[in-house]
Amino acid sequence: MSPSILAPSETEQHQQISSQLLHWIEQFQEATSQGKCADYIPALRDMNSQQLGVTVIGTDGTMITAGDCEAPFTLQSISKVLSLIAVCMEYGIPHVLQRVDAEPTGDAFNSIIRLEMSKPGRPYNPMINAGAITVSSMLAGDSVTQKMNSLNNLFVQLIGTAPVLNEEVYESEWHTAHRNRALAYYLKDIGFLDGDVEGALEVYLKQCALEVTTKDTALIGLILALDGYHPIRQEQVIPKDVARFTKSLMLTCGMYNASGKFAAFVGVPTKSGVSGGILTAVPPRYRSRDLPFSDGCGIGIFSPAIDDVGNSVAGSLLLKEMAQQWDLSIF
Ligand code: DON
């Protein structure tokens, strides 16, 4: 079921929320100049850094959008959420935990240091590159195509379609992925990468180059917010334990080494990617009945100018404002 079939609501309250979102977009758009597009992946460098868009989807399927909500962007690290869900659904959480831990690092997302400092070198969590490459190598299937198919099957369950691979971004990163290649070969050496190293790297970089819009990420956020229940299909598409495990990792590790402050001052399970995407799952809040989306919602944000840590500058400010004004924090 594609979010595009959801009609934007026309009620007065939704029009107020829509105007509010538009106002915030205008307010935070100038903050895009404080960041810059990721330049270590050449194909991302040339994105229009001034874009800022948002989609919010509520439990009844109401979708409210503003700004560049339909601009396509590659998932990058947001894909780590999906590959984690896929392997947990395939093998169960205990098996996945034997291969990748669930502890924050406080290090940069592409850091290599802890793999050697801790024995036996199990990656700390699936939201950093080391852990995500291990997870990609575990995806069901014996070939890159089969592994991508198993990931795409999950997307079909969630958003009704398999995202298109942005070949230019994939090729661009494949040729410059020296750090990720080093991580992958090191993981192989210490026994935390299944199968062929270059194949695992190919799967990892392809999942990062899958293209979506904020409507897709908002819908995925909504399903996670509801513990894996798809309110439009009216079906449990992710087991509850897997959805909760994933959200806990998004909260503790999803914003790289800014995750602690993000949890403290925004307070909702969120995952970002270096192309400027942000996926947020807002669970129901029973003490905020008079505020928008108190039944829970999914939020998708896109704004490609990122800070030094790797998070979207304007996107983070927008999400923080939404969280404060709508009392979204889970704490
Ligand atoms: O592997 C990379 O560096 C990118 N494809 C994704 C990085 C990203 O979005 C931040 N990672 N946590």
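Whatever order the structure lists ligands and atoms in, that order sets their numbers, starting from 1. Here, residue 1 is the first one in the sequence, and each next residue gets the next number.
Which of S79, A209, S77, A38 comes nearest to atom 10 (C) of ligand 1 through a heavy atom is settled by distance: it is S77. Comparing K271, Q207, E173 against atom 2 (C) of ligand 1, the shortest heavy-atom distance belongs to E173.
Taking every heavy atom of N180 and a limit of under 4.0 angstrom, the matching atoms of ligand 1 come to 1 (O), 2 (C), 3 (O). Short contacts between ligand 1 and C208, defined as distances under 4.0 Å to a heavy atom of the residue, involve ligand atoms 5 (N). Heavy-atom proximity to G273, at under 4.0 Å, picks out these atoms of ligand 1: 9 (O). Here is the list of ligand 1 atoms found below 4.0 Å of a heavy atom in N129: 1 (O), 2 (C), 3 (O), 11 (N), 12 (N).
At a 4.0 Å heavy-atom cut-off, ligand 1 touches V274 through backbone and side chain alike. Residue contacts with ligand 1, taken as heavy atom pairs separated by less than 4.0 Å, do not involve I128 at all.
Remark: ligand 1 and Y204 share an N or O pair separated by less than 3.5 Å (distance only, no angle test).
Not a single heavy atom of N110 sits less than 4.0 Å from an atom of ligand 1. Heavy atoms of M127 come nearer than 4.0 angstrom to ligand 1 in at least one pair.
Looking from atom 3 (O) of ligand 1 to the surrounding protein, the closest heavy atom is Y40 OH, 2.5 Å. Nearest protein neighbour of atom 6 (C) of ligand 1, counting heavy atoms only, is Q76 OE1, 3.4 Å.
The environment of CG in N153 is crowded: more than 12 heavy-atom neighbours from other residues, nucleotides or ligands sit within 6.0 Å. A 6.0 Å sphere centred on CD of Q324 holds more than 12 heavy atoms belonging to other residues, nucleotides or ligands. The environment of K36 atom NZ is sparse: at most 12 non-hydrogen atoms of other residues, nucleotides or ligands sit within 6.0 angstrom.
Using modelled atom types and a 3.5 Å distance limit, the side chains of T74 and E211 yield no donor-acceptor pair. In this structure, a donor-acceptor pair under 3.5 Å is absent between the side chains of Y40 and N110. N311 and S272 share a donor-acceptor pair across their side chains, judged by distance under 3.5 Å alone. E321 and Q325 share a side-chain donor-acceptor pair at under 3.5 Å.
Relative to the six-membered ring of W326, R285 misses at least one condition, a distance below 6.0 Å or an angle of at most 45° to the axis.
Here the closest heavy-atom approach between residue T214 and residue V54 is recorded as OG1-C, 4.0 Å.
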